Participant: 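I'd like to ask some things about the structure below.
Naming convention: chains lettered A, B, ... in sequence-line order (proteins, then strands); numbering from 1 in each chain. All figures in this text were calculated on a predicted structure; none of them were measured in a lab.
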Number of protein chains: 2
Amino acid sequence: MSPRPSKATQHNNLQAAIKATAWRQIGGTGAATLSLRAIARELGITAPAIYNYYADRDALVTALIIDAYTSFGDAQLAAHDAVPAADLSGRLRATGMAYRQWALTYPQRYMLIFGTPIPGYVAPHAQTFPAAARALGVIVGVVEGIRAAGRLRVEAFPQVMPGHEQAFEMWRQYAGEADILSLSVALVIWARVHGLVSLEIDGSLPPFGPGGDALYVYEVESIIREFIV
Amino acid sequence: MSPRPSKATQHNNLQAAIKATAWRQIGGTGAATLSLRAIARELGITAPAIYNYYADRDALVTALIIDAYTSFGDAQLAAHDAVPAADLSGRLRATGMAYRQWALTYPQRYMLIFGTPIPGYVAPHAQTFPAAARALGVIVGVVEGIRAAGRLRVEAFPQVMPGHEQAFEMWRQYAGEADILSLSVALVIWARVHGLVSLEIDGSLPPFGPGGDALYVYEVESIIREFIV
DNA sequence: GCCGCATATTTACAGTGTAAATTATTCACA
DNA sequence: TGTGAATAATTTACACTGTAAATATGCGGC
């Protein structure tokens, strides 16, 4: 085989094909067993060829994580937009339910985002942050909407440690203007749904109710009752 | 070097030494980069020698997870026993705070338990369950104490899906007698603290309050207010 | 004294990511 | 149109990984 294939036999977009194949393998055996050589094998090329498109395996994983966040954000935005802005609790409920639904539909993507799928890999927050903020910013926006309407119930809610407000500045930049209180409350809501969902995906939770989602529904309703006045 | 070292130069307890070395490496570079060969190198033996003590790498990891759960359980029990049984909210607060404290003290152990540290490794729940139930059973016991005192506030709390009660039978067996409602409530409490702690360990949360623990304290107090009447 | 078991070593194999050198194709410009 | 540079792949090589198989040595019991 010639070192450089003629344009006819060449993948028109190898960069995308590599990512697509990676997703297929992740969907099968999980993100942990992702292998550059296996991807290359499936694409009929050799492993080092991938280095023309991704600096190393970590760069590929980072691209996958960003894709996953984008897919996640799409689901969040769709749920958000399906409810009229006036229905504050409806939007919180819709985005909350969509959070779990997306995670259960794409458990591998969820673990790719929130787990530590690859040995030695640490997510470069600087690169993934925009996509992450877009996705998680939806809930932030919902909470901000509640606060702007004067219906956010919080008393003595803790404030971020002095000197660490900068962590929230990035959020504002990517997720739209939002009060620091809204951001803080959104964080704790995020933590609650994330806790339940990650345990469920891990198989540590038995299903509740006839649909298996009763515990999650209970928690979402509990969040609505606690934070919306 | 002789295939079998004379008893003088031999480790008196190689099984334990292997585990200890593994812990040291995990404490350094994290659980992801754990390597049998590196452990052997550090102990001055060859890698296959480890197979005399652990069937394969997964078996070693499983032993480490059980150890981590045991350490975790010790911390939970210590916090539990430090508060008199009559102080229901005090016990819930103490175990809740100890949960985060242990996780921040041993983040690698926490990730070993709740993450997916090794490629292709899936925790054999059947083996880890006893140690896990001992640790997580402390909160179950606290909630059961609240319920037995008639001070558990729940309304319309969801019930486990019909046919899945068996998942709770195991809990009862290892974590002591407890009402199925107490187990269910303990699960959702567990999910809440786990959500916050895992995000904090992941670096996704900025510190709150002067001590950095204000958001967690807020959540624990919120749990106490919500579930104790 | 010898046999057998336990405990290691050596060797080997199939993987992995990735660096370096090489080669063929394609494109831009004189 | 021809030539040189850039591009996109190859082959080769290295240092790892877990682990299976065969082998050798130390030690305790008959």
Participant: dT16(C) C1' sits how many Å from Ile50(A) CD1, rounded?
Facilitator: 12 Å

Participant: Closer than 3.5 angstrom, by distance alone: can the side chain of Ser182(B) be matched with the main-chain N or O of Ala178(B) as a donor-acceptor pair?
Facilitator: no

Participant: Just the rounded figure in Å: distance from C1' of dT9(C) to CG of Leu43(B).
Facilitator: 16 Å

Participant: How about Phe72(B) and Tyr106(B): are their ring centroids closer than 6.0 Å?
Facilitator: no

Participant: For Trp190(B) and Ser204(A), test the side chains for any donor-to-acceptor distance below 3.5 angstrom and give the result as yes or no.
Facilitator: no

Participant: Whole-Å distance between dT10(D) P and Leu14(A) CG?
Facilitator: 9 Å

Participant: Could you state the CG-P distance from Leu60(A) to dT18(C), rounded to the nearest angstrom?
Facilitator: 10 Å

Participant: How about Leu183(A) and Val160(A): do any of their side-chain heavy atoms sit closer than 4.5 Å?
Facilitator: no

Participant: Sub-3.5 Å donor-acceptor pair from the side chain of Tyr53(A) to the main-chain atoms of Ala16(A), do we have one?
Facilitator: no

Participant: What is the separation between atom CD1 on Ile39(A) and atom C1' on dG17(C), rounded to the nearest whole Å?
Facilitator: 12 Å

Participant: What N/O pairs connect the protein and nucleotides 17-21 of chain D at under 3.5 Å? Give each pair on its own line.
Facilitator:
from    : atom 1 : to       : atom 2 : distance (Å)
dT17(D) : OP1    : Ser35(B) : OG     : 3.0
dT17(D) : OP1    : Arg41(B) : NH2    : 3.4
dT17(D) : OP2    : Arg41(B) : NH2    : 2.9
dG18(D) : OP1    : Leu36(B) : N      : 2.6
dG18(D) : OP2    : Leu36(B) : N      : 3.2
dG18(D) : OP2    : Arg37(B) : N      : 3.1
dG18(D) : N7     : Arg37(B) : NH1    : 2.3
dG18(D) : O6     : Arg37(B) : NH1    : 2.8
dT19(D) : OP2    : Tyr51(B) : OH     : 2.8
dT19(D) : OP2    : Arg57(B) : N      : 2.8
dT19(D) : O5'    : Tyr51(B) : OH     : 2.8

Participant: Could you tell me the separation between the CD1 atom of Ile18(A) and the C1' atom of dA9(D), rounded to a whole number of Å?
Facilitator: 12 Å

Participant: Hey, are Arg172(B) and Asp179(B) close enough for a salt bridge, meaning a charged N less than 4.0 Å from a carboxylate O?
Facilitator: no

Participant: Can you tell me how far P of dT18(C) sits from CG of Asn52(A), to the nearest Å?
Facilitator: 14 Å

